[in-house]
Amino acid sequence: LVFDPQGAPAAFVKSIKAPFTPLADLNALPENAKVLLVGNDAIDIKDSASTALQAWAVGGRRVVVLAQKTPLRYTAIPADLELASNEGRTAFIEDLDHHAMRGLQQKDFFTWGPDHLVYRNAYGKPTRGGKSLVQCHHRLANSALVEMPVGNGLLIVDQLLTAEKLSANPVAQKLLL
C-alpha cells in the first residue's frame with residue numbers, strides 16, 4: 001500500500017514496476033496487505049498522535065513513514081522518541097549489519113544533492129522501544145531512521161530526506177527499496 005499525496009515515492013515504486021495499491025487516505029487500511037509506505041508530509045497534525053498505524057502493524061505488518069513536517073509523536077510511536085527541530089548534511093549508519101543498510105557505507109550519508117541536506121527534524125535517539133539505524137546531529141544524539149517493533153509487526157520512521165531525493169540519489173533509492 002502507498003499513501004503518498006506528494007507523489008515522489010509512488011512515482012518511484014511505479015518506475016521500478018513494483019506492484020502496489022495507492023490509498024486516498026489512511027482511514028480504512030486493508031487487512032490483507034503486508035506493507036504500508038506513507039509518503040513525505042502525508043500526515044497532518046491531527047493524525048500525528050494517532051495509534052492507527054501501530055494498530056495496523058501489530059499483526060505482523062510493516063509500516064514505513066517517510067519524513068514528515070509533523071512527525072509521529074506521543075501515542076503514535078511505541079518508543080520514547082523526542083521530537084526535534086534540526087537539519088544536517090551528514091549522518092552515520094549505526095548498525096552496518098542491519099539488512100536495510102546492506103550495500104551502503106558511511107560515506108553514503110554525506111551531503112545529498114544540490115542543497116546537501118541529508119535529514120530534517122530527526123528524533124532524539126530512543127532509549128527504549130526502538131532501534132536507531134542512522135544517527136546524526138550534535139554529538140550524534142539524534143536518529144534520522146528508527147525501527148520499532150509493534151507486536152509482530154514493525155514501524156519505521158524515516159526523517160532522512162529519502163522521498164525528496166528519490167529522483168536523483170541512489171542511496172535514497174536503495175533505502176526505500
Side-chain angles (χ1 to χ4, degrees), residues 1-14 16 18-87 94-95 98-101 119-136 142-166 172-177:
L1 303 172
V2 176
F3 176 59
D4 183 25
Q6 302 272 336
F12 176 73
V13 172
K14 188 179 285 186
I16 61 169
F20 71 97
T21 301
L23 295 175
D25 59 52
L26 294 172
N27 294 328
L29 298 172
E31 292 296 318
N32 60 343
K34 294 187 190 271
V35 177
L36 169 62
L37 175 63
V38 179
N40 61 314
D41 300 332
I43 296 177
D44 60 26
I45 192 76
K46 71 176 180 55
D47 291 329
S48 67
S50 169
T51 60
L53 296 178
Q54 277 190 74
W56 190 80
V58 79
R61 298 180 188 95
R62 307 296 190 248
V63 177
V64 178
V65 180
L66 299 178
Q68 303 295 312
K69 286 181 184 165
T70 53
L72 295 180
R73 60 198 173 120
Y74 309 135
T75 57
I77 48 179
D80 62 342
L81 294 180
E82 295 286 328
L83 292 176
S85 179
N86 53 46
E87 67 180 24
E94 197 154 358
D95 181 357
H98 192 278
H99 65 276
M101 300 299 144
Y119 65 89
R120 186 178 296 121
N121 298 329
Y123 290 96
K125 275 190 187 176
T127 56
R128 64 173 177 74
K131 178 179 182 177
S132 175
L133 300 178
V134 176
Q135 57 189 346
C136 59
N142 295 75
S143 183
L145 184 63
V146 179
E147 77 172 2
M148 297 162 278
V150 182
N152 293 325
L154 195 64
L155 174 63
I156 298 171
V157 291
D158 177 2
Q159 287 299 117
L160 294 164
L161 300 183
T162 306
E164 288 181 37
K165 309 289 180 151
L166 270 175
Q173 296 167 3
K174 167 85 171 100
L175 280 171
L176 186 61
L177 291 173

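Nothing here was measured: the structure is a model prediction, and the numbers come from that model.
Contact record, Ala28 with Asp25: N-OD1, 4.0 Å, taken as the closest heavy-atom pair. Of all heavy-atom pairs spanning Pro149 and Pro78, the tightest one is O-CG, 4.0 Å. In terms of heavy-atom proximity, Gly130 sits nearest to Ala79 at N-CB, 3.7 Å. Considering every non-hydrogen atom in both Glu94 and Ser132, the closest pair reads OE1-OG, 2.6 Å. Smallest separation of non-hydrogen atoms from Ala33 and Trp56: O-CZ2, 3.7 Å. Between Ala76 and Ser48, the shortest heavy-atom contact is CB-O, 3.2 Å.
Counting heavy atoms from C-beta on, the side chains of Met101 and Leu133 come closer than 4.5 Å. Residues Gln68 and Gln159 meet the side-chain proximity criterion, which asks for heavy atoms closer than 4.5 Å. Counting only heavy atoms from C-beta outward, the side chains of Leu1 and Pro30 approach each other to under 4.5 Å. Between Ile43 and Phe3, the closest side-chain pair of non-hydrogen atoms is not below 4.5 Å. The side-chain heavy atoms of Leu81 and Val146, taken from C-beta on, include a pair separated by under 4.5 Å. Counting only heavy atoms from C-beta outward, the side chains of Leu66 and Asp4 never approach each other to under 4.5 Å. Side chains of Tyr123 and Leu83 form a contact here, defined as non-hydrogen atoms less than 4.5 Å apart. Using a 4.5 Å cut-off on side-chain heavy atoms (C-beta onward), Arg120 and Asn40 make no contact.
Of the possible polar contacts, none joining the Ser85 side chain to the Asn121 backbone as a donor-acceptor pair under 3.5 Å is found. In terms of modelled atom types and a separation under 3.5 Å, the side chain of Gln54 and the main chain of Thr75 share a donor-acceptor contact. Using a distance-only test at 3.5 Å, with no hydrogens or angles considered, a donor-acceptor pair links the side chain of Gln173 to the main chain of Leu166.
Atom CD of residue Glu87 and atom SG of residue Cys136 lie 11.5 Å apart, to the nearest 0.5 angstrom. The CD atom of Glu147 lies 8.5 Å from the CG atom of Asp95; values are rounded to the nearest 0.5 Å. With rounding to the nearest 0.5 angstrom, the CD1 atom of Ile45 is 10.0 Å from the CG atom of Asp47. Taken to the nearest 0.5 Å, the CZ atom of Arg62 stands 5.0 Å off from the CG atom of Leu154.
When each of Val2, Leu23, Val65 is tested with Leu36 by the rule side-chain contact (heavy atoms from CB on, under 4.5 Å), just one qualifies, namely Leu23. Of the residues listed (Thr162, Ile156, Val157, Leu175), the one engaging Val64 in a side-chain contact (heavy atoms from CB on, under 4.5 Å) is Ile156, and it is the only one.
Counting heavy atoms of neighbouring residues, nucleotides and ligands inside a 6.0 Å radius, atom CD of Glu82 does not exceed 12 of them.
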Evaluate salt bridge (Lys or Arg N to Asp or Glu O under 4.0 Å) for Arg61 paired with Glu31, printing each intermediate quantity in order.
CA-CA 9 Å; Arg61 298 180 188 95; Glu31 292 296 318; 2.9 Å; yes
Would Leu37 and Leu176 satisfy side chain to side chain contact (heavy atoms under 4.5 Å, CB included), going step by step from the backbone distance to the final call?
CA-CA 9 Å; Leu37 175 63; Leu176 186 61; 3.7 Å; yes
Decide side chain to side chain contact (heavy atoms under 4.5 Å, CB included) for Tyr119 and Asn86; before the verdict, give the C-alpha distance in whole Å, the side-chain angles of both, and the deciding distance to 0.1 Å.
CA-CA 8 Å; Tyr119 65 89; Asn86 53 46; 3.6 Å; yes
